[in-house]
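Report on one structure; see the data block that follows.
Keep in mind that this is a model prediction, so the values were computed, not measured. Order of the sequence lines sets the chain letters (A, B, ...), proteins ahead of strands, with each chain counted from 1.
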2 protein chains.
Amino acid sequence: MTQSAKTFENLSGEKRERVLAEATREFADHGYHQASVNRIVQRLGIAKGSLFKYFGTKEGLFEYLFGHAVAEFKKPLKVIRDTGTGDFFDRIEQTFLASGAFVDAHPNIYRIYLKMLFNERFPLRDRFLGEIRKANAKFLRQLIENGIESDGLPSDLDVETAVYTVHSVMDRFLQGYAVPSLDQGVESTEHTLQDKARAMTNLLRRGLADPS
Amino acid sequence: MTQSAKTFENLSGEKRERVLAEATREFADHGYHQASVNRIVQRLGIAKGSLFKYFGTKEGLFEYLFGHAVAEFKKPLKVIRDTGTGDFFDRIEQTFLASGAFVDAHPNIYRIYLKMLFNERFPLRDRFLGEIRKANAKFLRQLIENGIESDGLPSDLDVETAVYTVHSVMDRFLQGYAVPSLDQGVESTEHTLQDKARAMTNLLRRGLADPS
DNA sequence: ACCAATGGTGACCACCTGGTCACTTCTAAC
DNA sequence: GTTAGAAGTGACCAGGTGGTCACCATTGGT
């Protein structure tokens, strides 16, 4: 930890939270480059120098903020792996629901993540995306291998292809959930998170053939 | 058409193409706000005033450029609807392949589209995304209704949910194809466009149960 | 040869950006 | 009450932005 970050850690928890919340909102609204340090300090009612004392640079602020968030990203997965119940598809559905809950709890973090996905110039992009992907892939691979062993998934299923497929479907499911406008004009009649998670799980289970 | 845009239309086709190509690259590399008019004219070797004579504003340039591209977006769909062969899933696979071909032919346009998806402040976003989505949804709905009528899709299949599902899977398939880093760490062993399209089609057909 | 129209130019403008730093204020130990 | 060290400040800076406009160059019609 740098000397400056220590200064920030010394602050009262209340102030720390306010600073991080306001900065997170700014990055979520505008992405990295278009986010303005001036606007952040103005909304916080503090001097610009203070923020630079805490984090050194704009990038340092972002690193601190998103780095802490990535840890949160991983928590729901661990919970399902360790305490999930039912067969393979039950756990898949639980994962859909847990991811949706995460987006509900940290919408601005997820908005930053989505902007980072396709913006090649986002600072620290490779590091953060790599970390998230690695955790996701590990979790899914474990789930699928377990499904083949215990839950009747075909033994000749190509694991890597299955991981890729499930990951894609989950990714897109969450995108649509976090940015509803993404699915306007292709609106499903299933409106709740539960219904959409069920529909996606059924797709993975039986394809389009069986809509039950 | 504005007076200024007419000036641009009067130019030689060669110069018009160079200008549009260079501007498209800049927007694809940096997104809208971070794209620099100064860099564009510098690379083109023309004066900044010229570009503003052609398009009035930065937004005018972007509108001209992306508006023309949206028309291209729609062409592959029409071709499949009018000349596609085989049953429902054959046409779905053809759609995967045609979309991939479009991304290959116009990579920078697709990169702009991806940036626009999650950047709420992208100018003209609602208009352009709405137009694209509407065309996609109409095409898919027609395909699915046809599949229920003629190709043995279950008659109780909820059409809107199916449209939403197919659309999601296609979206994410293309994302991964256009931004390979998106699937690093969850790499499928199917490496060609054909193989990935086949895998995705099989998912839609029979779910994870049957990997053939 | 002249003119009008069109395309082309680049110095210049106001504005905003991330970042700096000499300075003041606060706090707690003695 | 004094003092050391930490927290907080905001005017200032260099550099980049989109956009302007008075001026120049080229061309084709008469």
Side-chain angles (χ1 to χ4, degrees), chain A residues 1-20 22-27 29-66 112 115 119 121-124, chain B residues 1-20 22-27 29-66 119 121-124:
Chain A
M1 179 177 315
T2 67
Q3 184 59 32
S4 345
K6 179 153 166 284
T7 298
F8 181 67
E9 301 281 353
N10 285 344
L11 265 42
S12 79
E14 209 173 317
K15 177 161 187 180
R16 280 206 315 267
E17 275 186 34
R18 239 173 64 79
V19 169
L20 289 180
E22 213 65 62
T24 304
R25 177 154 84 92
E26 178 71 11
F27 284 119
D29 282 349
H30 297 94
Y32 181 82
H33 293 287
Q34 204 62 13
S36 161
V37 176
N38 290 329
R39 272 196 301 257
I40 295 175
V41 297
Q42 196 185 350
R43 279 205 302 260
L44 285 170
I46 67 175
K48 183 151 49 159
S50 297
L51 210 62
F52 280 92
K53 272 237 170 67
Y54 302 157
F55 303 107
T57 62
K58 184 185 182 181
E59 185 170 321
L61 164 61
F62 179 73
E63 178 177 8
Y64 185 93
L65 173 165
F66 200 76
I112 295 174
K115 287 186 165 66
N119 197 329
R121 317 247 168 186
F122 224 105
L124 308 168
Chain B
M1 180 177 314
T2 66
Q3 185 59 31
S4 346
K6 179 153 164 286
T7 297
F8 181 67
E9 302 279 355
N10 285 345
L11 265 41
S12 80
E14 211 173 317
K15 177 159 187 180
R16 278 205 317 264
E17 275 186 34
R18 239 174 64 78
V19 169
L20 290 181
E22 213 64 61
T24 304
R25 177 155 83 93
E26 179 71 12
F27 283 120
D29 282 348
H30 298 93
Y32 181 82
H33 293 288
Q34 204 63 12
S36 159
V37 176
N38 290 330
R39 273 196 300 258
I40 295 174
V41 297
Q42 195 185 350
R43 280 204 302 261
L44 285 168
I46 66 174
K48 183 150 52 159
S50 298
L51 210 62
F52 280 93
K53 271 234 170 69
Y54 303 157
F55 303 107
T57 63
K58 184 185 183 182
E59 185 170 321
L61 164 61
F62 179 74
E63 178 176 10
Y64 185 94
L65 173 166
F66 200 78
N119 196 330
R121 315 250 168 183
F122 225 106
L124 308 168

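Atom CZ in B:Phe55 sits about 18 Å away from atom C1' in D:dT20, given to the nearest Å. The interatomic distance linking A:Leu51 (CG) with D:dA7 (C1') rounds to 13 Å, in whole Å. Between the CD1 atom of B:Ile46 and the P atom of D:dC24 there is a distance of 21 Å, rounded to whole Å. When the C1' atom of C:dT9 is taken as reference, atom CG of B:Leu44 falls 15 Å away, rounded to whole Å. Between the P atom of D:dT17 and the CZ atom of B:Arg39 lies a distance of 6 Å, rounded to the nearest Å. At whole-Å resolution of the value, CZ in A:Phe52 and P in D:dC13 are 17 Å apart. Here the C1' atom of nucleotide D:dT9 and the CD atom of A:Gln42 are 15 Å apart, to the nearest Å. One atom, CG of B:Leu61, and another, P of D:dG19, lie 10 Å apart when rounded to the nearest Å.
Side-chain N/O atoms of B:Asn119 and A:Lys115 include no donor and acceptor closer than 3.5 Å.
The aromatic rings of A:Tyr54 and A:Phe8 lie tilted to each other, with the angle between the two planes from 30° to 60°. Relative ring orientation between A:Phe62 and A:Phe122 is described as tilted, the plane-to-plane angle lying within the 30° to 60° band.
As judged by a 4.0 angstrom heavy-atom cut-off over every strand, B:Lys58 is placed among residues touching the sugar-phosphate backbone only.
Remark: A:Ser50 is in phosphate contact with D:dT9, judged by side-chain N or O atoms under 4.0 Å from OP1 or OP2.
Nearest to the side chain of A:Tyr54, among D:dT20, D:dG8, D:dT17, sits D:dG8. Picking from D:dG19, C:dT20, C:dT9 the nucleotide with the shortest atom distance to the side chain of B:Thr57 gives D:dG19. When each of D:dT20, C:dG18, C:dA22 is scored by its nearest atom to the side-chain atoms of A:Lys53, the top-ranked nucleotide is C:dA22.
Map A:His33 and A:Gly49 each onto its nearest nucleotide of DNA chain C; the residue landing nearer the 5' end is A:His33. Across the interface with DNA chain C, nearest-nucleotide mapping of B:Lys48 and B:Asn10 shows B:Asn10 to be the residue nearer the 5′ end.
Salt-bridge annotation for B:Lys6 and B:Glu9: absent, with no side-chain N of the basic residue lying under 4.0 Å from a carboxylate O of the acidic one.
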